[in-house]
Structure formats: C-alpha cells, structure tokens
Amino acid sequence: MRKRIFGRAVLTLAVLALAASFRLQAQQPASAPPERNQAPAPSPSTAGPIHENVSYGTANGETLLLDIFEPAAKEHPRPAVILIHGGGWTSLDKSTMRGLAQFLTRSGFVAVSVDYRLFHDDKNRWPAQLDDVQRSVRWLRANAATYNVAPEHIGAYGHSAGAQLAALLGMLDTRDNSDPALAKFSSKVAAVVDSSGPTEFAPGPSGGDEDKFFSSFFGVAYSAHPEIWRDASPVDHVSKSNAPFLIIHGTHDEQVSIAQAEALYKKLKEAGAEVQFVRLDSDHLFRESAARRQLAVETQMFFVRYLMPGS
C-alpha cells in the first residue's frame, strides 16, 4: 500500500456512492454470472426487521454498535454475514454497509454491519479495531437464538481497511478473551470476502506520511518492532486452516495495489487453503455499475456456497 486510504472528502463521497449502488442491487433479483460455476442462487427473500444501533459491548468508555438486518423467513436458523466498513481505520461507519446488507438479506442471510473504534489523536491504536470486530462475531454467536442465526455459519465481508479486519477474522482466534460472558464463543468466521483490502504492512522505500501514520497507528516504527506491523498483516497469518477466501480487487486500484491481493492469493494457494480471486476492471471503489454489480453477485454467490447448508 503506497497511498493512504484515509477518509478524505472525495473518498467518503465515493464510498457513499458505492453504498447507494448496493441499495439499487437490493431492489433487483440476485443472479450469478452464467459463466461462473458456483452454487445456484437461492430464491429471493423479502426483507424482515432491522435492529439499529444495538450495543455489542463497551471498550474504553465507547459503546460499540451494530445493525442487524433480518430476512423475513424464520423457519430455520439462518447464516449470517458480518459487514465491516472501510475508511482507513480512521473514518466512516456501519451505515456505508447498509446497501450490501439489504442485498444479502434478500438472499436469506442475516446481515450485521458493525462499528469499531476509530483511530484518532493517538487514541484507539491497533489492535483495538481487531478486538472490536472479533467481539462482534462472538456477541452474535452468544445471541444467535435471539436473531435465529446459525452460529457455525457466520462469514465476514470487508472493504478496504475493513477487508484487512475481515481477513483476520478468517485466520485468527480471539486475541482478547478477558470477557467471561463471551469466553466460550469463537471469533473465527467460516468464510471471508476481501474487497480491495491491504494485506501486508511494511515501510515505504523512503518513508513519508504513510510510514508516519502506521508508526502512530501501530504505536511503534517498523524498524523498532517489525513483528507488530507483520502481526496486523493477513499475509503473515496464512495457513491451510484459514477460512475459505474470496478476494476481489480492481486492476486500476491506486489506493491499495492489486499486488497486495495477488500476494495473499498466492500464499493461500501455496498453503492449500480454499481461495478464489476475482480481478475487476475498476478502481479501489468499483465506481462502474458493471463492476459494482459483479462485486455484489460474486459476494452473494460465495457466501451461498460456503455458508448455506446443502448449497
């Protein structure tokens, strides 16, 4: 990653446009591209209740919130997808995932968009963000009966910085297991969609603003403790036991180089993990309608394949 993916005004507007495009997708029947050999699309469902601003815990005085989107059908426990927003770990919130949540709900998933602590003014340094999203998975498992969720069929989708967090949910066990109420619940998910995500943190060839940011975000310069930067890098946690991955990346991404996605894909393949890689002729935010449509459908079909029993 050679350009910072912070929440500048233009980036924020573009992310909101992407969220709006998912809302349009949610109004249309979902179908897979005919050329891809994946599980058949489920019958379209109708929207059920939406539970907004549900607290899933507190951390350092902050209340952690999530939104839960349910499909109408409740005849059996449903698979769920945790949705993690981007914004460079410093901006945006769960509202940018609303469109994708509605789209997935139409396919029978319980969609859960989550907030996590944002880094600012040297507060909420890494790994606060990982602790929060891991907690959200464990909270959902602890409350699976309330929302009719199948606790062993939970996946994670993330975009940009959120994709780094989603990737680690499919790789790592719980880092902070200090809450006795959640101690028996795993934070590891059963499938991951990594959309435009950074996969490796390392200093640039000549330093600069990005290196300064990550030195502050991780609390230490790479030269002093490279293991801390590597511990946040999905490529350093690859193993055969990782959850199945779908990696989606734009070939013209100037925020996060597609080389990062290629490196993760290569390591997962070499490890014998299940992984798919979709290259889209687009940029970091998939601005073209065709790219957004393919992103939504590829995501839906991947989760159908890996999270829906009998698919």
Aromatic ring centroids of Tyr116 and His85 under 6.0 Å?
yes
Are Phe119 and Trp126, when compared by the centres of their aromatic rings, separated by less than 6.0 Å?
no
Would you check if the side chain of Gln255 reaches a backbone N or O of His284 as a donor-acceptor pair within less than 3.5 Å?
no
With a 6.0 Å cut-off on the ring centroids, do Phe218 and Phe201 count as close?
yes
State whether the side chain of Thr96 and the backbone N or O of Asp93 hold a donor-acceptor pair below 3.5 Å, judged by distance alone.
yes
Are Trp89 and Phe214 side-chain neighbours, meaning at least one heavy-atom pair lies under 4.5 Å?
yes
What pairs meet the ring pair (Phe, Tyr, Trp, His ring centres under 6.0 Å) rule with one or both residues in residues 252-272, with sequence neighbours excluded?
Tyr265-Phe277
Flag yes if Leu64 and Leu169 sit in one hydrophobic cluster, no otherwise; membership is Ile, Leu, Val, Met, Phe, Trp, Tyr, and two members link when side-chain heavy atoms are under 4.5 Å apart.
yes
Rounding to 0.5 Å, atoms CG (Asn143) and CZ (Phe185) come to a distance of 8.0 Å
Return the CZ to CG distance between Arg117 and Leu130, rounded to the nearest 0.5 Å.
10.5 Å
Measuring from Leu165:CG to Gln134:CD, what's the distance to the nearest 0.5 Å?
9.5 Å
Ignoring hydrogens and geometry beyond distance, is a side-chain donor-acceptor pair present between Glu70 and His51 at under 3.5 Å?
yes
If you take all heavy atoms of Gly88 and Ala161, which pair is closest and at what distance?
N-CB, 3.7 Å
For the CG atom of Leu264 and the NE2 atom of His237, what is their distance to the nearest 0.5 Å?
11.5 Å
Considering all heavy atoms of both residues, which atom of Arg78 and which atom of Ala73 are nearest to each other, and what is their separation?
NH1-O, 2.9 Å
With rounding to the nearest 0.5 angstrom, report the CD to OG distance, Glu62 to Ser55.
12.0 Å
Ile154 and side-chain contact (heavy atoms from CB on, under 4.5 Å): which partner among Val149, Val81, Leu307?
Val149
Say whether Asn242 and Glu274, considering side chains only, have a donor N or O and an acceptor N or O under 3.5 Å apart.
no
Grab the two heavy atoms, one from Gly87 and one from Leu92, that are nearest each other, plus how far apart they are.
CA-CD1, 3.9 Å
Please tell me if the side chains of Arg138 and Thr174 come closer than 4.5 Å, counting only heavy atoms from C-beta onward.
yes
Spacing of Ser282 atom OG and Leu280 atom CG [to the nearest 0.5 Å]
6.5 Å
Check whether the side chains of Ser187 and Asp173 place a donor and an acceptor atom closer than 3.5 Å, and report yes or no.
no
The test is side-chain contact (heavy atoms from CB on, under 4.5 Å); show your working for Lys188 and Leu172 and say whether it passes.
CA-CA 6 Å; Lys188 195 170 181 182; Leu172 301 178; over 6 Å; no
Would a single hydrophobic cluster contain both Tyr147 and Val133, if residues Ile, Leu, Val, Met, Phe, Trp and Tyr are joined by side-chain heavy-atom contacts under 4.5 Å?
yes
Is there a path from Phe69 to Phe303 through hydrophobic residues (I, L, V, M, F, W, Y) whose side chains come within less than 4.5 Å of each other?
no
Can you list the steps and then say if Ser136 with Val112 is a side-chain contact (heavy atoms from CB on, under 4.5 Å)?
CA-CA 9 Å; Ser136 72; Val112 183; over 6 Å; no
Which heavy-atom pair separates Leu104 from Gln300 by the least distance, and what is that distance?
CD2-CA, 4.1 Å
Thr199 side chain to Gln260 main-chain N or O, any donor-acceptor pair under 3.5 Å?
yes
Looking at Phe302 and Pro244, what are the two nearest heavy atoms and their distance?
CZ-O, 3.5 Å
With clusters defined by side-chain heavy atoms of hydrophobic residues (ILVMFWY) lying less than 4.5 Å apart, directly or transitively, does Val54 cluster with Leu182?
no
Under 4.5 Å between any side-chain heavy atoms of Leu285 and His159, yes or no?
yes
May I ask you to check whether Glu200 and Trp229 show a side-chain donor-acceptor distance below 3.5 Å?
no
Is there a side-chain contact (heavy atoms from CB on, under 4.5 Å) between Asp67 and Asp115 once you walk through the steps?
CA-CA 9 Å; Asp67 296 338; Asp115 280 341; over 6 Å; no
Membership question, hydrophobic clusters at under 4.5 Å side-chain separation (ILVMFWY): are Phe109 and Leu83 in the same one?
yes
Would you find a donor on one side and an acceptor on the other, under 3.5 Å apart, between the side chain of Asn148 and the backbone of Lys74?
yes
Is the shortest side-chain N to carboxylate O distance from Asp179 to Arg135 below 4.0 Å?
yes
Going by distance alone, is a donor N or O of one side chain under 3.5 Å from an acceptor N or O of the other, for Lys94 and Asn53?
yes
For residues Glu288 and Arg293, determine if any side-chain heavy atom of one lies less than 4.5 Å from a side-chain heavy atom of the other.
no
Taking Tyr56 as the fixed residue, which of Ile68, Val137, Asp132, Thr63 is the one that meets the side-chain contact (heavy atoms from CB on, under 4.5 Å) rule?
Asp132
Quick note, salt bridge (Lys or Arg N to Asp or Glu O under 4.0 Å) partners involving residues 224-253, not counting sequence neighbours, are none
Looking at every heavy atom in both Val192 and Ala243, which two are closest together, and how far apart are they?
CG2-CB, 4.5 Å
